[in-house]
Q: 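Here's a structure for you.
Small disclaimer: the values here were computed from a predicted structure and weren't measured.
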Amino acid sequence: MDFKKYIILSFICVVTLTMITACSVSYKLNGASIDYTKTKTIQINDFPIRASYVWGPMQVIFNNQLKDMYGSYTKLTQVKRNGDLKVEGEITQYQQRNKSVSAEGYSAQTELSMTVNVRFTNTKNHKEDFERSFTATASYETTQNLNSVQEQLVTQMSKDLCEQIFNATVANW
């Protein structure tokens with residue numbers, strides 16, 4: 001009798017383990033909601049600088065980060081022309097302004113801001129097309145020289161802008 005109980009208990013355990021391993025839950029942490037059966041390619045044009053105040057390397061930093069984000073967080077193939085999705089635009093503003101004043105009446109912090117205008121086209125669903133501006137800011141102590149912190153701040157703002165653009169284009173939550 002004990003042998004029968006052992007066989008039945010073993011059978012139940014095997015069936016239970018099989019069911020548990022067969023049913024798995026999968027989560028995507030990047031937030032991309034792309035139907036890869038319809039959308040396979042993306043065209044990301046370089047964003048030229050159209051701002052009156054510029055720092056030359058910011059164009060390269062921004063463009064590389066934008067392409068890297070789509071390359072890292074989607075399975076879309078980047079193409080030069082005729083992409084299922086198209087991201088294009090320009091860097092329209094790059095400026096600094098005083099953010100806070102010290103007790104002595106001098107500027108204590110300076111805020112740097114960067115704005116990009118984005119045109120997004122989804123050839124598979126034109127209802128998702130848009131043209132919109134995105135802005136990111138970063139602050140630094142006025143005692144620091146802008147030249148010494150500019151690359152770090154532009155990299156930080158570019159990352160923020162790329163996340164905003166990514167979320168607006170392919171993370172439709």
Side-chain angles (χ1 to χ4, degrees), residues 24-97 99 109-173:
S24 64
V25 178
S26 173
Y27 294 101
K28 284 197 260 181
L29 299 177
N30 63 22
S33 58
I34 301 167
D35 182 356
Y36 290 107
T37 60
K38 296 178 185 175
T39 307
K40 299 184 184 319
T41 61
I42 186 166
Q43 173 184 338
I44 304 171
N45 293 346
D46 284 342
F47 281 53
I49 299 174
R50 301 279 188 254
S52 56
Y53 175 67
V54 300
W55 180 61
M58 78 179 167
Q59 179 179 355
V60 173
I61 291 170
F62 174 78
N63 287 319
N64 288 341
Q65 281 189 356
L66 187 62
K67 290 173 184 176
D68 288 349
M69 179 161 278
Y70 284 93
S72 297
Y73 296 115
T74 71
K75 295 188 284 183
L76 297 171
T77 302
Q78 293 185 26
V79 295
K80 298 275 186 202
R81 292 185 302 277
N82 302 322
D84 297 328
L85 303 179
K86 183 177 182 181
V87 180
E88 60 185 339
E90 51 278 329
I91 300 169
T92 58
Q93 189 176 42
Y94 181 66
Q95 65 181 14
Q96 59 181 341
R97 66 178 183 85
K99 185 175 180 182
Q109 269 196 330
T110 302
E111 182 178 76
L112 198 59
S113 69
M114 186 172 161
T115 301
V116 294
N117 184 56
V118 176
R119 288 176 298 284
F120 174 70
T121 306
N122 183 339
T123 62
K124 304 299 181 185
N125 182 2
H126 285 289
K127 291 179 186 174
E128 294 181 359
D129 295 357
F130 67 80
E131 181 169 358
R132 188 181 323 163
S133 288
F134 297 90
T135 300
T137 61
S139 299
Y140 66 97
E141 298 297 319
T142 306
T143 56
Q144 296 176 300
N145 182 341
L146 176 60
N147 290 332
S148 66
V149 295
Q150 192 161 219
E151 183 174 356
Q152 174 191 350
L153 297 176
V154 167
T155 300
Q156 175 187 334
M157 290 185 299
S158 292
K159 182 177 185 244
D160 184 24
L161 287 166
C162 291
E163 288 173 357
Q164 291 178 50
I165 294 165
F166 182 88
N167 288 335
T169 56
V170 298
N172 302 320
W173 8 321

Q: Where is the tightest heavy-atom contact between Met69 and Cys162, given as atom of each residue plus distance?
A: SD-O, 3.4 Å
Q: As an exercise, state the distance from CG of Asp68 to CG of Asn63, rounded to the nearest 0.5 Å.
A: 10.5 Å
Q: Measure the acute angle between the ring planes of Tyr94 and Tyr53, then classify it against the limits of 30° and 60° as parallel, tilted or perpendicular.
A: parallel
Q: Can you tell which of Arg119, Arg81, Glu88, Glu90 makes a side-chain contact (heavy atoms from CB on, under 4.5 Å) with Asn45?
A: Glu88
Q: Does Val118 form a side chain to side chain contact (heavy atoms under 4.5 Å, CB included) with Arg132? I'd like the steps, not just the answer.
A: CA-CA 5 Å; Val118 176; Arg132 188 181 323 163; 5.6 Å; no
Q: Do Lys67 and Val87 pass the side chain to side chain contact (heavy atoms under 4.5 Å, CB included) test, and can you show the C-alpha distance, the side-chain angles, and the key distance before you say yes or no?
A: CA-CA 10 Å; Lys67 290 173 184 176; Val87 180; over 6 Å; no
Q: Gln95 and Thr115: side chain to side chain contact (heavy atoms under 4.5 Å, CB included), yes or no, with the steps?
A: CA-CA 9 Å; Gln95 65 181 14; Thr115 301; over 6 Å; no
Q: Does any non-hydrogen side-chain atom of Gln96 lie less than 4.5 Å from one of Tyr140?
A: yes
Q: Evaluate Ile165 against Phe120 for side chain to side chain contact (heavy atoms under 4.5 Å, CB included), listing each step before the verdict.
A: CA-CA 9 Å; Ile165 294 165; Phe120 174 70; over 6 Å; no
Q: For Lys75, is there any backbone N or O sitting under 3.5 Å from a side-chain donor or acceptor partner on Tyr36?
A: yes
Q: Please check this pair: side chain of Ser113 against backbone of Ala136, looking for a donor-acceptor N/O pair closer than 3.5 Å.
A: no
Q: Find the distance between CD1 (Ile49) and CD (Gln59) and round it off to the nearest 0.5 Å.
A: 4.5 Å
Q: For the NZ atom on Lys159, are there more than 12 heavy atoms of other groups (residues, nucleotides or ligands in this structure) within a distance under 6.0 Å?
A: no
Q: CD of Glu151: more than 12 outside heavy atoms within 6.0 angstrom?
A: no
